[in-house]
There are 2 protein chains.
Amino acid sequence: MAILGAMTARPPGRPRSGVHAVVFAATLSTVHELGYARATVDRIAAAAGIAKTTTYRRWPTKGALIVDCLLDAFGPIPLEGAGRAELMSSAIRWIAAKIAEPGVGDAFAGVFSDAVSDPALREILSTRLQDPYRIALQEALGEPENRVLFFIDVVVGTLLHRMGMTGEPMADDDVTTLTELVLPHFTGSPP
Amino acid sequence: MAILGAMTARPPGRPRSGVHAVVFAATLSTVHELGYARATVDRIAAAAGIAKTTTYRRWPTKGALIVDCLLDAFGPIPLEGAGRAELMSSAIRWIAAKIAEPGVGDAFAGVFSDAVSDPALREILSTRLQDPYRIALQEALGEPENRVLFFIDVVVGTLLHRMGMTGEPMADDDVTTLTELVLPHFTGSPP
DNA sequence: TTAGTATCGATACTTCAGGTAGCGAAACGC
DNA sequence: GCGTTTCGCTACCTGAAGTATCGATACTAA
């Protein structure tokens, strides 16, 4: 019995091999070992055990590969806190922990830098990576778009600046300080 | 009469031409027009009216050139406010305005990104660019190093993240919001 | 004026990474 | 087996960082 009928009609020819998970893992480990710039598509493909050309059959550019890899590494943002303070605090700790994972912060900072002088990549980064989390935060917090964008600028910008300047992810103490800095501004009441 | 005596004894041979100012201006305008990645050393040199080789006689790498250019563009941080609040507020507005100048933000974000995967450049960035301002802020504010570093992470990180994501410098409204976010944390009294 | 020295511009070159093209081999459904 | 598509492989193009060389030039000292 065909599940979903025509939608699953397999096209003729050799099927694509499911390499996404392997490539994502290879990307993070290669970036972690060699840094972003020296993690070439060639090396990533070799680490994944596939040919470079196969990588370019899946992702049009290195930037697109990295963004997809980050999307996979981040997953959905957990938003189960009771109340705005808990919600935002857990979101900050979540993204800080993700960026601290081996290779994730380097890949994030690296693709972010590339986007500075590549409008096409900036569009991918903004649309595919930032927008889903922005929208989820808007709905969960009931804040307007510009406030949520500012929130993301502060949190992610701070974490990436620390990572870029020191080469190490931000320590837990400072992440706590970051929450203490941000929360009052978004949850406190004006005098 | 020789001023400073032996210290000004000119070495033999053709003297170096003073091209720093011209190269800095050419760097910023080229980065502004073409973006960081497409602002090659070749193009910058051409815009400055000198040969590429002459550029490499002054600066060992593109990153070193950009850092020197930023140092020249920033200049010393103005710290003449009365009281910590005014001091920090004026510092935030100063760096925001500098980053908003044509080419400066792009160059800053670009070299920052390169530093992610280039430890030598990161060292240059940290030592030559960040440290002078960090030390000046430590003395002016009487804050410990880690607090000032955190302050820089938040302010510069936020400004660069906005620049990288949108391609535009942060608007004045949001810079004001940024000061309102940061100031209470550094000037307010704990309950 | 001449000799010596160091920089200049110009050209050519090397290296490396992103990305593309073309091929025969392999993996499917029929 | 046949048609189709993807696979790995190799070769290639482009562009940019950085290096090497060389004659021309600008200056000092004698």
Are Leu71(B) and Val111(B) linked, directly or through intermediate hydrophobic residues, by side-chain heavy-atom contacts shorter than 4.5 Å (ILVMFWY only)? yes
Any idea which heavy atoms bring Pro78(B) and Ser90(B) closest together, and the distance? O-OG, 4.2 Å
For Arg38(A) and Leu34(A), the nearest pair of non-hydrogen atoms, with its separation, is CB-O, 3.5 Å
Check the distance between dT7(C)'s C1' and His20(B)'s NE2 and give it to me in whole angstrom. 13 Å
On a heavy-atom basis, which atom in Ala47(B) and which in Thr30(B) lie closest, and how many Å separate them? CB-OG1, 3.7 Å
Would you name the heavy atoms of Val116(A) and Arg122(A) that are closest together and state the gap between them? O-NH1, 3.4 Å
How many whole angstroms separate atom CD1 of Ile44(B) from atom C1' of dG18(D)? 14 Å
Got a list of protein N/O to nucleotides 16-19 of chain C N/O distances below 3.5 Å?
unit_1, atom_1, unit_2, atom_2, d
dA17(C), OP1, Arg43(A), NH2, 3.1
dG18(C), OP1, Lys62(A), NZ, 3.1
dG18(C), OP2, Val41(A), N, 3.2
dG19(C), OP2, Tyr56(A), OH, 3.3
dG19(C), OP2, Lys62(A), N, 2.8
dG19(C), N7, Lys52(A), NZ, 2.8
dG19(C), O6, Lys52(A), NZ, 2.8

Are the aromatic rings of Phe112(A) and Phe112(B) close, with centres under 6.0 Å apart? no
Could you state the CZ-C1' distance from Arg58(B) to dA6(C), rounded to the nearest angstrom? 12 Å
I'd like to compare against my own output: the B/S/- annotation of nucleotides 21-30 of chain C with a strict under-4.0 Å heavy-atom distance to protein. BB---BBBS-
Nearest heavy-atom approach of Val31(A) to Ala107(A) is CG1-N, 3.7 Å
Specify whether Phe24(B) and Trp59(B) have parallel, tilted or perpendicular ring planes, treating 30° as the upper limit for parallel and 60° as the lower limit for perpendicular. tilted
